[in-house]
Amino acid sequence: MVLLQETVIVCTNGKQVVSGRQKQILTKHGIDVIEQSISEMSGEDGYLRTIHFTNGGEIDRDGGIVMTGLQQATPLAEQLGCTLDHNGGVESDEFGRTAIPGVYAAGDMKLTGPSQLIMAASEGSKVAAATVGDIVEEGFSK
């Protein structure tokens with residue numbers, strides 16, 4: 001299947017998330033940015049057909065990709081003193097170490113990319129290895 005550029009649009013659901021420069025680049029490539037709030041998306045047989053906007057406008061589509069916002073389900077990380085980044089994920093180094101000694105973050109706690117089980121498991125494995133290494137190092141430094 002070939003996707004033609006003029007069939008692609010970006011809808012921000014009323015949010016100002018695309019910079020002026022990004023809009024220029026998208027427009028140059030025939031991609032419209034619609035910042036109107038979406039009231040409904042409708043379709044049939046599991047396929048998106050129409051995007052309805054709060055101003056009464058609508059656009060017919062053959063499909064779409066939806067990005068959802070993620071947020072922490074619990075305030076535990078903040079209660080422990082961890083810092084959250086601009087995405088709402090717990091700030092940590094590449095091995096999951098936070099600024100709080102003995103507190104580590106992995107997977108969905110970090111919100112660094114797509115929320116996928118395989119990625120969370122991979123991060124968890126790396127953080128577990130770092131945790132064991134830190135415990136061993138602490139034990140030998142006494």
Shared ILVMFWY cluster between [X] and [Y], side chains joined below 4.5 angstrom?
X: Met109; Y: Met119; result: no
X: Phe95; Y: Val90; result: no
X: Ile25; Y: Val17; result: no
X: Val103; Y: Leu76; result: yes

So how far is it from [X] [atom1] to [Y] [atom2], rounded to the nearest 0.5 Å?
X: Thr131; Y: Arg97; atom1: OG1; atom2: CZ; result: 8.0 Å
X: Lys110; Y: Asn87; atom1: NZ; atom2: CG; result: 12.0 Å
X: Ser92; Y: Glu123; atom1: OG; atom2: CD; result: 7.5 Å
X: Asp32; Y: Thr27; atom1: CG; atom2: OG1; result: 6.5 Å
X: Thr50; Y: Glu58; atom1: OG1; atom2: CD; result: 5.5 Å
X: Asn55; Y: Ile38; atom1: CG; atom2: CD1; result: 11.0 Å

Looking only at heavy atoms, what is the nearest atom pair of [X] and [Y], with distance?
X: Ser42; Y: His52; answer: OG-NE2, 2.8 Å
X: Glu35; Y: Thr12; answer: CA-OG1, 3.2 Å
X: Ile100; Y: Leu80; answer: CG1-O, 3.7 Å
X: Val33; Y: Lys23; answer: CG2-CG, 4.2 Å
X: Phe53; Y: Gln36; answer: CB-CG, 3.6 Å
X: Val127; Y: Tyr104; answer: CG1-CB, 3.6 Å

May I have the step-by-step check of side chain to side chain contact (heavy atoms under 4.5 Å, CB included) for Ile34 and Ile51, ending in yes or no? CA-CA 11 Å; Ile34 301 171; Ile51 301 171; over 6 Å; no
Answer yes or no: does atom CD of Glu137 have more than 12 heavy-atom neighbours from other residues, nucleotides or ligands under 6.0 Å? no
Exam field: side chain Lys126 to backbone Glu94, donor-acceptor pair closer than 3.5 Å: yes
Worked verdict on Arg61 versus Ile9 for side chain to side chain contact (heavy atoms under 4.5 Å, CB included): CA-CA 9 Å; Arg61 294 283 90 190; Ile9 60 172; 3.8 Å; yes
Have Ser37 and Asn13 got a donor and an acceptor in their side chains that come within less than 3.5 Å? no
